[in-house]
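Just so it is clear, the values below take in all heavy atoms, side chains as well, and ignore hydrogens, waters and symmetry mates. Here is the naming used below: chain letters follow the sequence lines, and residue numbers restart at 1 for every chain.
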Number of protein chains: 2
Amino acid sequence: MRKIILVFGLLILALLLLFQFSKYAVISGDLNSEIAIALIAIVFFFIGVYLNKKSLQKKTNASDDINHKKIEDLDISKREYEVLLGISEGLSNREIGEKLFVSESTIKTHVSNLLSKLNAKRRTQALQIAKDLQII
Amino acid sequence: MRKIILVFGLLILALLLLFQFSKYAVISGDLNSEIAIALIAIVFFFIGVYLNKKSLQKKTNASDDINHKKIEDLDISKREYEVLLGISEGLSNREIGEKLFVSESTIKTHVSNLLSKLNAKRRTQALQIAKDLQII
DNA sequence: GTGGATTTGGTACTTTAGTATGAGTTGTAA
DNA sequence: TTACAACTCATACTAAAGTACCAAATCCAC
C-alpha cells in the first residue's frame with residue numbers, strides 16, 4: 001500500500017515537472033509546442049505500458065505461486081509434500097522411493113496419508129485437488 | 001499483421017486529430033493549454049495500458065491454449081482424448097466409463113493406447129507429458 | 001460398397017496402487 | 001527426560017491399473 005502511494009506521488013511529481021518544463025520551453029522558444037506535446041504523449045504512453053505490466057505481473061505471480069499456508073492448514077508434512085511433487089512428476093511409488101532414498105513401503109505410507117489429508121481417492125485426484133488448492 | 005498496421009494507422013490518425021483539436025481549442029481560447037496537455041497525457045496513458053493488455057493477453061492465451069495440431073500429430077483419437085480429460089479430472093477407469101457410457105474394459109483399452117501414444121508408463125506420467133505438450 | 005480406422009468390450013494376467021496395522025527411530029518442544 | 005509428531009519400514013491384504021490378444025460393430029472416405 002505504501003508502495004502504491006509512493007509510486008503515485010512520484011508520478012504526479014514527474015507530471016508537474018514535465019508540464020512546467022514544456023511550458024517554459026515553449027515560452028522561451030527553445031521548443032516547438034507540438035514536439036512538447038508529443039513528448040508528453042510518448043512519456044505517458046510508456047507510463048501506461050509500464051504500470052499495466054506491473055499490475056498484471058503481480059496478478060500472474062499470485063495465481064501460480066504456491067500457497068504455503070494451505071499446505072500447513074492441511075497438515076501436510078515436508079516429506080509428504082516431496083512425495084506429492086513426485087506424484088505430480090508422474091513417478092511411480094518405487095521411483096519416488098529411489099529419488100528420496102527410502103523404500104517403496106515408506107512412500108506408500110506417505111501417499112496413503114496424503115490421500116486422506118487431501119480427501120482424495122486416487123493419486124490423480126490428489127493432483128487435481130492439489131492444483132485447485134494451488135499447493136503444487 | 002494486417003491488424004497491427006490497421007491499429008497503428010488508426011492510432012496515428014487519432015493522434016493527429018488530437019493535436020489539431022487541442023491546438024485549435026487553445027488558439028480559439030476555449031481551452032486552457034494545461035488542460036489540453038493533461039487530456040493528451042491521459043489519453044496516451046490509457047492507450048499504453050490498452051495496447052499492453054492486448055499484447056499480454058495474446059501471449060497468455062497462446063500459452064494455455066490447447067495445441068490441437070499436437071493431438072493430431074500424436075494420432076490421439078477423439079475418444080482417447082476424452083479419456084485423457086477424464087484422467088486429468090482424477091477419475092478412475094470405472095468412473096470415466098460411467099461418464100462416457102461405456103464399460104471399464106473399453107476405457108482400459110483407450111488408456112493403454114493413450115499411454116503408448118504419449119510414451120508414458122503411467123496415467124500420472126501421461127498427465128505430465130500432456131501438460132508439457134499443452135494438449136490439456 | 002469395400003477397406004481402414006475407430007470404438008467397443010471381453011478374458012486372462014501381471015503390475016502398481018492403496019489400506020490396515022504394528023513397530024522401531026529420530027528430533028524437538030515442554 | 002518424556003511425550004509427541006514425523007519418518008521409516010514391513011507384512012498381508014484388496015483394489016485398481018495396465019498389457020496382450022481377440023473379435024465384433026460402426027463410421028467414413030475413396
Side-chain angles (χ1 to χ4, degrees), chain A residues 66-133 135-136, chain B residues 66-133 135-136:
Chain A
I66 291 166
N67 190 343
H68 296 285
K69 196 185 166 300
K70 200 88 203 173
I71 297 173
E72 280 180 44
D73 287 352
L74 290 168
D75 260 326
I76 293 174
S77 74
K78 192 177 142 199
R79 209 55 164 167
E80 284 164 352
Y81 186 68
E82 291 176 313
V83 171
L84 179 59
L85 292 181
I87 293 174
S88 78
E89 289 168 26
L91 303 177
S92 68
N93 290 336
R94 167 164 287 117
E95 287 168 339
I96 297 171
E98 283 165 7
K99 193 173 182 182
L100 300 180
F101 303 109
V102 294
S103 79
E104 192 190 343
S105 296
T106 305
I107 303 301
K108 281 191 178 188
T109 306
H110 288 320
V111 170
S112 205
N113 292 332
L114 253 175
L115 293 183
S116 73
K117 285 177 183 179
L118 286 172
N119 210 7
K121 286 181 193 151
R122 282 164 291 283
R123 45 170 62 210
T124 47
Q125 196 180 8
L127 286 181
Q128 206 245 326
I129 292 169
K131 251 167 254 154
D132 264 15
L133 298 175
I135 62 177
I136 54 172
Chain B
I66 290 166
N67 192 341
H68 296 285
K69 196 186 166 298
K70 201 89 203 172
I71 297 173
E72 279 180 45
D73 287 353
L74 290 168
D75 259 325
I76 293 174
S77 74
K78 192 177 142 199
R79 210 51 165 169
E80 285 164 352
Y81 186 67
E82 291 176 311
V83 171
L84 179 59
L85 292 181
I87 293 173
S88 78
E89 289 170 26
L91 303 177
S92 68
N93 290 337
R94 168 163 286 116
E95 287 169 338
I96 297 171
E98 285 166 7
K99 193 173 179 182
L100 301 180
F101 303 106
V102 294
S103 79
E104 193 189 341
S105 296
T106 305
I107 303 300
K108 281 191 177 188
T109 306
H110 288 320
V111 170
S112 205
N113 292 332
L114 253 175
L115 293 183
S116 75
K117 285 177 183 179
L118 285 172
N119 210 9
K121 286 179 191 148
R122 283 165 288 285
R123 46 170 61 208
T124 48
Q125 197 181 7
L127 286 180
Q128 208 245 324
I129 291 168
K131 251 166 255 155
D132 266 13
L133 298 174
I135 62 177
I136 55 170

task: Using a 4.0 Å heavy-atom cut-off across all strands, classify A:S92 as base, sugar-phosphate, or nothing.
output: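 Counting heavy atoms under 4.0 Å across all strands, the contact made by A:S92 is with sugar-phosphate only.
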
task: Tell me what A:T106 touches on the nucleic acid: a base, only sugar-phosphate, or nothing, going by heavy atoms under 4.0 Å.
output: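 Base contact - A:T106 has a heavy atom under 4.0 Å of at least one base atom.
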
field: Nearest-nucleotide comparison on DNA chain C, the residue closer to the 5′ end among B:K108 and B:R79
entry: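 In this pair, the answer is B:R79.
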
[X], nearest nucleotide to its side chain (from [options]):
| X | options | answer |
| --- | --- | --- |
| B:T109 | C:dT19, C:dG10, D:dC9 | C:dG10 |
| B:H110 | C:dG9, C:dT7, D:dT8 | C:dT7 |
| B:S105 | C:dG10, D:dT11, C:dG18 | C:dG10 |

Residue pair B:E89, B:K99: steps toward the salt bridge (charged side-chain N to carboxylate O under 4.0 Å, His left out) verdict: CA-CA 12 Å; B:E89 289 170 26; B:K99 193 173 179 182; 2.7 Å; yes

Whole angstrom value for the distance that separates [atom2] of [N] from [atom1] of [X]:
| X | N | atom1 | atom2 | result |
| --- | --- | --- | --- | --- |
| B:L100 | C:dT7 | CG | C1' | 12 Å |
| B:K117 | C:dT7 | NZ | C1' | 11 Å |
| A:N119 | C:dT19 | CG | P | 12 Å |
| B:K78 | C:dT8 | NZ | C1' | 15 Å |
| A:E104 | C:dT16 | CD | P | 8 Å |
| B:N93 | D:dA15 | CG | P | 16 Å |
| B:I96 | C:dG9 | CD1 | P | 14 Å |
| A:N113 | D:dT8 | CG | P | 12 Å |

Looking at [X], does any N or O in its side chain come under 4.0 Å of the phosphate oxygens OP1/OP2 on [N]?
| X | N | result |
| --- | --- | --- |
| B:R122 | C:dT16 | no |
| B:S112 | D:dT19 | yes |
| A:S77 | D:dA6 | no |
| A:S103 | D:dA10 | yes |
| B:R123 | D:dG18 | yes |

field: Minimum heavy-atom distance between A:V83 and A:L100, given as atom pair plus value
entry: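 The pair with the smallest heavy-atom distance is CG2-CD1, 4.1 Å.
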
- prompt: With the threshold set at 4.0 Å, does a side-chain nitrogen-carboxylate oxygen contact exist between A:E82 and A:R79?
  reply: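 Yes, A:E82 and A:R79 are salt-bridged.
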
field: Heavy atoms from other residues, nucleotides or ligands near NZ of B:K117 exceed 12 (cutoff 6.0 Å)
entry: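 Counting other residues, nucleotides and ligands, NZ of B:K117 exceeds 12 neighbours.
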
query: Just by distance, with hydrogens left out, do B:S103 and B:T106 show a side-chain donor and acceptor under 3.5 Å apart?
result: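 Yes, side-chain donor-acceptor contact under 3.5 Å.
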
